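Notes for the one structure printed next.
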Amino acid sequence: MPELPEVETTCRGIAPYVIGETITALHIHQRQMRWPIPKQIDALKGATITDVSRRGKYIQLHTGNGEAIIHLGMSGSLRITEPKEPKRKHDHVEWLMSNGHALRLHDPRRFGCVLWHKAGTPAHPLLEKLGPEPLGNAFTADYLFDQTRKRKTAIKVFIMNSHIVVGVGNIYASESLFMAGIRPGRASGRITRNESERLVDAIRTVLAKSIKQGGTTLRDFVNSDGEPGYFKQQLLAYDRAGEPCTQCGGLIKQKVMGQRSTYYCSFCQS
DNA sequence: CTAAATACCTGATGGC
DNA sequence: TGCCATCAGGTATTTA
């Protein structure tokens, strides 16, 4: 579900309601997520949230003791609600804030996680080896070109590897490659320097545009207000199998790569 | 080391 | 209506 634009939208949405607030209560209804929610998460009780940040698709709630690390997996969402609002099925965690609002984690598939990183300890292993932020200065054509050398993996699978670059999921991988005119099945090592530049530009452009639209809602993504994102209307390749290509009018093809549906135009992408 | 398969989990959908 | 197979926005871990 949530890729970088959806996670960014969520962060921006919850920030005004939680920064500067003290956590008055923490309710865990379901501990079993991707990994069990650790006991140390209780360090949040009584702590004040000083900042909300994002690293890749991980959301961090910072306090003086350390930070909670939240991942939304495939089906997760974080919403600001009123504490009295009835708990829905799959509302696994609830944080009560000193301003009277509640933050709730809803995640039917439970591929997400809530972890704790204590202040002053070495970087969390999950975040330690992540690649650069796609919208940051370190993600350049030179970097991508260099990383792809001698790699045989399909370029689509490659850019979805968070150790290479974070935040590019299944939707935006197809969209970026369409925009860059590169076939998703191309061996990474065969991508030229010029194509590398087009791909970096495309990834940055598509992610930035989607953030402006509040992300993509395919079926169940909602932002912190419970509202969908509107980027779906601007998808050029993803989920458009059999529909005409916006560039050439040919039909968009669908193919499974790395166990994930992949969409492309065989005329416009080479 | 790389590359591909596997695992985690629920819900929606479509065929019979 | 019910049952079964398939698919879904992620990614760490296991296997080859």
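Just so it is clear, the structure is predicted and the values come from calculations on it, not from any experiment. In what follows, every chain begins at residue 1, and chains take the letters A, B, ... in the order their sequences are listed.
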Examine distances only and state if a side-chain atom of [X] and a backbone atom of [Y] form a donor-acceptor pair shorter than 3.5 Å.
{"X": "A:His124", "Y": "A:Lys118", "result": "no"}
{"X": "A:Glu3", "Y": "A:Ile171", "result": "yes"}
{"X": "A:Glu6", "Y": "A:Thr216", "result": "yes"}
{"X": "A:Arg240", "Y": "A:Leu236", "result": "yes"}
{"X": "A:His163", "Y": "A:Lys129", "result": "yes"}
{"X": "A:Gln147", "Y": "A:Tyr143", "result": "no"}
{"X": "A:Gln213", "Y": "A:Gly229", "result": "no"}

Once you apply a heavy-atom cut-off of 4.0 Å, does [X] come out as touching a base, just sugar-phosphate, or nothing?
{"X": "A:Lys129", "value": "nothing"}
{"X": "A:Gln259", "value": "base"}
{"X": "A:His163", "value": "sugar-phosphate"}
{"X": "A:Tyr172", "value": "nothing"}
{"X": "A:Phe158", "value": "nothing"}

- prompt: If you check every side-chain atom of A:Trp35, which of C:dG10, C:dA12, C:dG9 has the closest atom?
  reply: C:dA12

statement: Out of C:dA12, C:dA8, C:dG9, minimum distance to the side chain of A:Ile171 belongs to C:dG9

Nearest-angstrom distance from the residue atom [atom1] of [X] to [atom2] of [N]:
{"X": "A:Ile69", "N": "C:dT11", "atom1": "CD1", "atom2": "P", "answer": "14 Å"}
{"X": "A:His71", "N": "B:dC9", "atom1": "NE2", "atom2": "C1'", "answer": "15 Å"}
{"X": "A:Gln32", "N": "B:dA7", "atom1": "CD", "atom2": "P", "answer": "17 Å"}
{"X": "A:Ile164", "N": "C:dT11", "atom1": "CD1", "atom2": "C1'", "answer": "14 Å"}
{"X": "A:Asn161", "N": "C:dA12", "atom1": "CG", "atom2": "P", "answer": "9 Å"}
{"X": "A:Asp220", "N": "B:dT10", "atom1": "CG", "atom2": "C1'", "answer": "11 Å"}
{"X": "A:Asp239", "N": "B:dT13", "atom1": "CG", "atom2": "C1'", "answer": "14 Å"}
{"X": "A:Lys156", "N": "C:dG9", "atom1": "NZ", "atom2": "C1'", "answer": "11 Å"}

Enumerate, atom names and distances included, each donor-acceptor pair closer than 3.5 Å involving a side-chain atom of residues 43-50 of chain A, sequence neighbours excluded.
| unit_1 | atom_1 | unit_2 | atom_2 | d |
| --- | --- | --- | --- | --- |
| A:Thr48 | OG1 | A:Thr22 | OG1 | 2.9 |
| A:Thr50 | OG1 | A:His62 | O | 3.3 |

query: Which of residues 105-112 of chain A sit near DNA chain B, with a heavy atom under 4.0 Å from it?
result: A:Pro108, A:Arg109, A:Arg110, A:Phe111

Which value, in whole Å, describes the distance between the [atom1] atoms of nucleotides [N] and [M]?
{"N": "C:dA12", "M": "B:dG11", "atom1": "P", "answer": "25 Å"}
{"N": "C:dC3", "M": "B:dC9", "atom1": "P", "answer": "23 Å"}
{"N": "C:dG9", "M": "B:dA3", "atom1": "C1'", "answer": "24 Å"}

message: Measuring from atom CZ of A:Arg198 to atom OG1 of A:Thr192, what distance do you get when rounded to the nearest 0.5 angstrom?
response: 6.5 Å

[N], OP1 or OP2 - any side-chain N/O from [X] closer than 4.0 Å?
{"X": "A:Arg34", "N": "C:dT11", "value": "no"}
{"X": "A:His90", "N": "B:dG11", "value": "yes"}
{"X": "A:Tyr58", "N": "C:dA12", "value": "yes"}
{"X": "A:Ser261", "N": "C:dA8", "value": "yes"}

field: Base-pairing mate for C:dG9 - Watson-Crick or G-U, with both contacts under 3.5 Å
entry: none

field: Pairing nucleotide - C:dC4, Watson-Crick or G-U, each distance under 3.5 Å
entry: B:dG14

Earlier contact from the 5' end, DNA chain B, for A:Lys89 and A:Val157: A:Val157

First encountered from the 5' end of DNA chain B, between A:Met33 and A:Arg219: A:Met33

Note, A:Ile70 side chain near A:Val93 side chain (heavy atom, < 4.5 Å): no

message: Contact between A:Thr246 and A:Phe178 at the side-chain level, heavy atoms closer than 4.5 Å - yes or no?
response: yes

- prompt: Which residues in residues 145-154 of chain A have at least one heavy atom lying under 4.0 Å from any atom of DNA chain C?
  reply: none

